[in-house]
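Comments concern the structure below.
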Amino acid sequence: MSVPIRNPTWVSKRRLLEQKISDLHRCSSLNQVKQIHAQVLKANLHRESFVGQKLIAAFSLCRQMTLAVNVFNQIQDPDVLLYNTLIRAHVRNSEPLLAFSVFFEMQDSGVCADNFTYPFLLKACSGKVWVRVVEMIHAQVEKMGFCLDIFVPNSLIDSYFKCGLDGVAAARKVFEVMAERDTVSWNSMIGGLVKVGELGEARRLFDEMPERDTVSWNTILDGYVKAGEMNAAFELFEKMPARNVVSWSTMVLGYSKAGDMDMARILFDKMPVKNLVPWTIMISGYAEKGLAKDAINLYNQMEEAGLKFDDGTVISILSACAVSGLLGLGKRVHASIERTRFKCSTPVSNALIDMYAKCGSLENALSIFHGMVRKDVVSWNAIIQGLAMHGHGEKALQLFSRMKGEGFVPDKVTFVGVLCACTHAGFVDEGLHYFHAMERDYGVPPEVEHYGCMVDLLGRGGRLKEAFRLVHSMPLEPNAIIWGTLLGACRMHSATGLAEEVFDRLVKSELSDSGNLSMLSNIYAAAGDWDNFANIRLRMKSTSIQKPSGGSSIEVDDEVHEFTVFDRSHPKSDRIYKTIDGLGQHINKLTTSS
DNA sequence: ATAGGGTTAG
C-alpha cells in the first residue's frame with residue numbers, strides 16, 4: 001500500500017481555519033465567532049492554548065463571557081498566557097471580581113504570574129474599594145523581589161493614585177523607600193498629586209527633583225490649568241526650557257475650559273506643530289459653547305489639512321455637539337465617520353446615540369442603537385435616557401427589561417434613566433418599585449442622583465409630603481439640585497409656604513443660584529405676592545453675575561438660538577413665549593379632563 | 001509618567 005497523500009482540499013481548509021483563528025480579533029459579529037468556534041471543535045483544535053486565547057478574546061469582545069469561560073474550561077492545563085487572556089477579558093467586561101477569582105485559581109493550580117498578569121490586575125483596581133487589592137499585589141511583588149525592577153514600583157505609584165485619596169499615603173511610601181528613583185518615578189508622583197488636587201505638594205516635588213524633563217513641566221503645567229490658575233500656568237509656560245505639542249495643548253485646553261476661546265485660538269494659531277488633539281480641543285471648545293460657525297470653519301480646515309480623525313476626536317466633538325444642540329455639525333461628523341470606516345466602535349456609537357438624542361433626533365439615535373454590533377451598558381443607558389427625556393417612558397422601560405434579558409447588568413446610571421422614564425411617564429408607583437429594587441435586587445445603592453429623581457417623581461406626581469419626607473430621611477446630604485427639584489415641585493402645586501422653607505435651606509447652604517431664584521420669584525408671582533417677587537428679582541441681578549444660569553440652545557440652519565432663564569433677547573421671543581403658554585394650557589386641559 | 005474622548009436627576 002502506498003503512503004497516503006494528504007488531501008489537498010483538506011490542507012487548504014486547515015490553512016484557512018488557521019488564518020481565520022489568527023484573524024479572530026477582527027471579527028465584527030458574534031455569529032462569525034461562533035462559526036469559527038464550531039470549525040475549531042470539528043477540527044479538534046479546541047485544546048490548543050493559542051486557539052483558546054483567540055476565542056476567549058473574541059467572545060469577550062462580544063460580551064459573551066459565558067462562552068469565553070466555556071472555551072477556557074475545555075483546556076486541561078491552562079498556561080499563564082491563557083490565564084492572562086481570561087483575566088484581561090473579565091477586566092474588559094468590567095468584572096474585576098471575576099478577574100481576581102481567575103487569578104486566585106491560577107495561583108491554586110501552581111501557575112506563576114508573569115510580568116503581564118499584574119498590569120492586568122492593576123487595571124481592574126480603580127475606585128476606592130480596591131486599594132486593598134493594590135496592597136495585596138504590592139505585597140506579592142515585594143515578596144517575589146519584582147520591586148528591584150524600577151518599572152514595578154513606578155507602576156505601583158500610579159496604581160495607588162488611581163485609588164483616589166485612599167492610595168495617596170501608600171504611593172508616597174513606595175516613592176520614599178524606592179532604592180533608586182528615575183524621572184518617571186518623580187513624574188508619576190507629581191502627576192498623581194495633581195490628580196488628587198495636591199497642587200502645593202506637587203509643586204514642591206517639582207522644585208525638588210534633580211532633573212526635569214518636558215513631561216515634568218507639562219505635568220505641573222496641567223496642575224495649574226486644572227486648578228483654573230491660568231495666570232500661573234501661563235507664567236510657567238513661558239518659563240519652560242522646551243515646549244512640545246502637549247505643553248501647547250494643555251494651555252489651549254485651559255483657556256477653552258476657562259471660557260476664553262479668543263486666547264485659546266491665539267495659542268492654537270501660534271503652535272509650531274499640531275496634531276489631532278489641539279484641533280479636537282478647539283473644535284469641541286467652540287461647539288460646546290454653541291459657536292457653531294467657528295466650530296464648523298475649523299472642522300472644515302481640519303479636513304482640508306488632510307487630518308484623519310480618531311475615536312477621541314469624534315467622541316469629543318459629538319459630546320460637545322450634544323451639550324449645545326449642534327445637530328448640523330453632529331450630522332457632518334457622523335457622515336465623515338460613515339465615509340471613512342465600515343463600523344463605528346462602541347464608544348463612538350454611544351456618542352452618536354447621545355448626540356442624536358440630546359439634539360432631539362430620536363429616530364437617528366434609535367437606528368444607531370439597533371444597528372450596533374457590540375452594545376455595552378453605556379449604549380443601553382444612553383438610549384434609555386434619550387427615550388425617557390423625550391417622554392417615551394414606557395418604551396424606555398421596555399428597553400430596560402430587554403437589556404436584562406440580553407444579559408447586561410444595569411448600573412447606577414441605568415437607574416437614573418429608569419427613574420427618569422417613570423417620572424416622564426407619570427409612573428409614580430413603578431418608580432418607587434425600581435427605587436427599592438435597585439439595591440435589593442441589583443446591588444446598586446441609591447446615590448444622590450437617584451434621590452433627586454425620586455423627589456422629582458413624587459413632586460410631579462403631587463405627593464409633595466412624601467417628597468419632603470424622603471429628603472429629610474435620606475442618608476446622604478441633599479445638594480442644590482435636590483432642593484431645586486423640591487422647589488420646582490412646590491411651584492407646580494403652588495405651595496408657597498413649603499417653598500420658602502426650601503429656599504431658606506438653599507440660602508443657608510449657599511446653594512442658591514439664579515435658576516432657583518427665578519423659580520421662587522415665579523412662585524411669588526403666581527401667588528400674587530409682588531413685594532417678594534420684586535425682592536427676588538433684585539437679588540437675581542446681583543447673583544446672576546457670579547453664577548451662570550442654565551439654559552438650552554438649538555441649532556437651525558447653522559445658527560444657534562440660545563435660551564436662558566428670564567431671557568427675552570431672542571428676536572422672536574414674544575411668539576416663543578406665547579407658544580409655550582399655549583402648549584401649557586393645552587396640556588392642562590388634557591390632564592384635567594382625564 | 002504629560003494634552004482631547006461615551007451614559008448621571010431640577
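Note on naming: letters A, B, ... go to the chains in the order of the sequence lines (proteins, then strands), and numbering restarts at 1 for each one. Quick note: numbers below take in every heavy atom, side chains included, and nothing from hydrogens, waters or symmetry partners.
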In whole angstrom, give the distance that lies between atom CE of A:Met282 and atom C1' of B:dA3. 14 Å
Looking only at side-chain atoms of A:Asp158, point me to the closest of B:dA3, B:dA9, B:dA1. B:dA1
What is the distance, to the nearest angstrom, from the CG atom on A:Asp376 to the C1' atom on B:dG6? 8 Å
Report which part of the nucleic acid A:Lys274 touches: base, sugar-phosphate, or nothing (heavy-atom distance under 4.0 Å, all strands). nothing
Classify A:Val252 by what it touches in the nucleic acid, base, sugar-phosphate, or nothing, heavy-atom distance under 4.0 Å. nothing
Between P of B:dG4 and OH of A:Tyr255, the distance in whole Å: 17 Å
In terms of side-chain heavy atoms of A:Arg460, which of B:dA3, B:dG10, B:dG4 is nearest? B:dG10
Does any N or O donor sit under 3.5 Å from an N or O acceptor when you compare the side chain of A:Ser249 with the base of B:dA3? yes
Within the 4.0 Å heavy-atom criterion, would you say A:Asp213 contacts the bases, only the backbone, or no part of the nucleic acid? base
Measure across A:Cys321 and A:Met355 and return the closest heavy-atom pair with its distance rounded to 0.1 Å. CB-CG, 4.0 Å
Can you tell me if NZ on A:Lys331 sees more than 12 non-hydrogen neighbours from other groups inside 6.0 Å? no
Base, sugar-phosphate, or nothing for A:Asn275, non-hydrogen atoms under 4.0 angstrom? base
Please report, rounded to the nearest Å, how far the C1' atom of B:dT8 is from the CG atom of A:Asn479. 12 Å
From OH of A:Tyr451 across to C1' of B:dA9 the rounded distance in Å is 14 Å
Of the nucleotides B:dA1, B:dA9, B:dG6, which one has an atom closest to the side chain of A:Asn350? B:dG6
Just checking A:Ser284: base, sugar-phosphate only, or nothing, at a heavy-atom cut-off of under 4.0 Å? nothing
Within less than 4.0 Å of OP1 or OP2 of B:dT8, is there a side-chain N or O belonging to A:Lys358? yes
Is there a donor and acceptor pair closer than 3.5 Å between the side chain of A:Asp310 and the base of B:dG4? yes
Does any N or O in the side chain of A:Ser316 come within less than 3.5 Å of the main-chain N or O of A:Thr313, such that one atom is a donor and the other an acceptor? no
Can you identify which nucleotide, out of B:dA1, B:dA9, B:dT7, has its nearest atom closest to the A:Ala382 side chain? B:dT7
Checking all strands, does A:Thr313 fall into the base, sugar-phosphate, or nothing category for heavy-atom contacts under 4.0 angstrom? base
Please report, rounded to the nearest Å, how far the P atom of B:dG4 is from the CE atom of A:Met251. 14 Å
Would you mind telling me which of B:dG10, B:dT7, B:dT8 lies closest to the side-chain atoms of A:Asp456? B:dG10
Residue pair A:Asn364, A:Ser367: steps toward the side chain to side chain donor-acceptor pair (under 3.5 Å) verdict: CA-CA 5 Å; A:Asn364 280 321; A:Ser367 94; 4.7 Å; no
Checking the side chain of A:Ser324 only, and the main-chain atoms of A:Ala287 only, is there a donor and an acceptor separated by less than 3.5 Å? yes
Nearest to the side chain of A:Asp311 - B:dA9, B:dG4, B:dG5? B:dG5
What nucleotide, of B:dG6, B:dA9, B:dG5, holds the atom closest to the side chain of A:Lys257? B:dG5
Over all strands shown, is A:Gln385 touching base, sugar-phosphate only, or nothing at heavy-atom distances under 4.0 angstrom? sugar-phosphate
Nearest to the side chain of A:Thr219 - B:dG10, B:dA3, B:dT2? B:dT2
Taking atom NZ of A:Lys195 as the centre, report whether more than 12 heavy atoms of other residues, nucleotides or ligands fall under 6.0 Å from it. yes
Round to a whole Å and report the spacing from CD1 of A:Ile317 to P of B:dG6. 12 Å
Does atom NZ (A:Lys404) have a neighbourhood of more than 12 heavy atoms from anything else shown, all under 6.0 Å? yes
Measure from the side-chain heavy atoms of A:Lys226 and tell me the nearest of B:dG4, B:dT8, B:dT2. B:dG4
Separation of B:dG4 atom C1' from A:Phe309 atom CZ, nearest Å, is 14 Å
Categorize A:Arg243 for me: base, sugar-phosphate, or nothing, with a 4.0 angstrom heavy-atom threshold over every strand shown. nothing
Counting heavy atoms from C-beta on, name the nucleotide in B:dA3, B:dG5, B:dG4 closest to the side chain of A:Thr280. B:dG4
